[in-house]
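Here is the naming used below: chain letters follow the sequence lines, and residue numbers restart at 1 for every chain.
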Amino acid sequence: KQEVTQIPAALSVPEGENLVLNCSFTDSAIYNLQWFRQDPGKGLTSLLLIQSSQREQTSGRLNASLDKSSGRSTLYIAASQPGDSATYLCAVRPGFNKFYFGSGTKLNVKP
Amino acid sequence: NAGVTQTPKFQVLKTGQSMTLQCAQDMNHNSMYWYRQDPGMGLRLIYYSASEGTTDKGEVPNGYNVSRLNKREFSLRLESAAPSQTSVYFCASSDGQGTQETQYFGPGTRLLVL
């Protein structure tokens, strides 16, 4: 069974800092990996999706990388803002209609 | 555009009571999913439906049943609620096509079983 781990569970940084969130998974046989954002009391919003053949994806201040061989992905957030405060989850898709989520990293960006 | 909607937003049940969580999507997606999210854990898949008329078990199906009423609607039923089913339940949908498949989530239903 695929296990997805996100470390740290929580992170607090001052505004303007660049930061990296980590996601690791145990089985490299995946179709894709996705990063989501979850605001308190809300559902998940997709941020970036990296297909298994890709190494990275970028959207604005966000950059996600994927190293399948080592079972790792990182989400890089540049010039963090208080509005980035949320929980960030990664999910891997090992097969059709199968998704495994990490428990998330709760990010707090202090003004 | 409503996306994925869920009702109710919050519910309190007593042990042994039954209830149905409703989910609807307006994106013409084929696949729909039910997850539960517990503190300190990631989302776990309860059931999914790859297309209208089909349903399959996910990782944690015990104690739940589902119905794919039509392409838009996918309901989750708890026949005899237990305190262990206290959780936040999320419905999601996707077009189910290829490696670019991404999921769209509803706002969640918070369920407390006493």
Side-chain angles (χ1 to χ4, degrees), chain A residues 1-10 21-26 29-55 57 59 64 66 68 73 86-106, chain B residues 2-7 9-10 21 23 25 27 29-51 54-61 66 68 74 87-110:
Chain A
K1 178 194 165 189
Q2 179 75 263
E3 300 285 344
V4 182
T5 304
Q6 292 186 248
I7 295 174
L21 306 181
N22 297 295
C23 172
S24 61
F25 48 96
T26 54
I30 62 172
Y31 283 4
N32 61 43
L33 182 145
Q34 198 163 1
W35 283 93
F36 292 87
R37 169 182 173 138
Q38 185 176 26
D39 292 288
K42 302 291 178 85
L44 281 68
T45 301
S46 178
L47 297 173
L48 289 165
L49 182 149
I50 312 175
Q51 296 185 55
S52 61
S53 59
Q54 297 175 322
R55 296 284 293 184
Q57 281 286 331
S59 176
L66 174 64
K68 267 189 16 174
S73 176
T87 296
Y88 292 81
L89 297 96
C90 68
V92 298
R93 182 175 170 229
F96 183 65
N97 286 126
K98 291 187 186 297
F99 297 86
Y100 291 95
F101 285 79
S103 55
T105 294
K106 186 174 183 179
Chain B
V4 180
T5 57
Q6 292 183 237
T7 56
K9 292 184 179 180
F10 182 71
L21 283 65
C23 173
Q25 53 93 7
M27 295 173 281
H29 286 164
N30 288 314
S31 299
M32 297 185 74
Y33 310 81
W34 277 106
Y35 292 91
R36 60 178 290 172
Q37 185 178 36
D38 300 298
M41 300 183 72
L43 277 71
R44 291 182 292 168
L45 183 64
I46 305 171
Y47 270 94
Y48 67 92
S49 170
S51 62
T54 68
T55 61
D56 283 288
K57 295 178 180 179
E59 188 182 356
V60 289
V66 292
R68 183 74 182 267
F74 189 37
S87 188
V88 181
Y89 292 85
F90 288 100
C91 177
S93 71
S94 73
D95 62 10
Q97 297 297 320
T99 59
Q100 295 246 29
E101 176 184 5
T102 188
Q103 295 189 312
Y104 297 85
F105 283 81
T109 293
R110 284 149 185 77

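Residue contact with chain A, scored on non-hydrogen atoms closer than 4.5 Å, involves the backbone and the side chain of B:Q103 alike. Interface residue A:L89: only side-chain heavy atoms are found under 4.5 Å from chain B. Interface remark: B:R44 contributes no atoms to any contact with chain A (heavy atom separation under 4.5 Å). Contacts of A:Q38 with chain B are made by side-chain atoms alone, with heavy-atom separations under 4.5 Å and no backbone atom involved. Only the side chain of B:L45 comes within contact range of chain A, with heavy atoms under 4.5 Å apart.
Chain B forms more heavy-atom pairs under 4.5 Å with one residue of A:K106, A:K98, A:K42 than with any other, namely A:K42.
Checked against A:F36 for a ring pair (Phe, Tyr, Trp, His ring centres under 6.0 Å), the options B:Y35, B:Y104, B:F90, B:F105 give a single hit: B:F105.
The shortest non-hydrogen separation linking B:G40 to A:S103 is O-CB, 3.4 Å.
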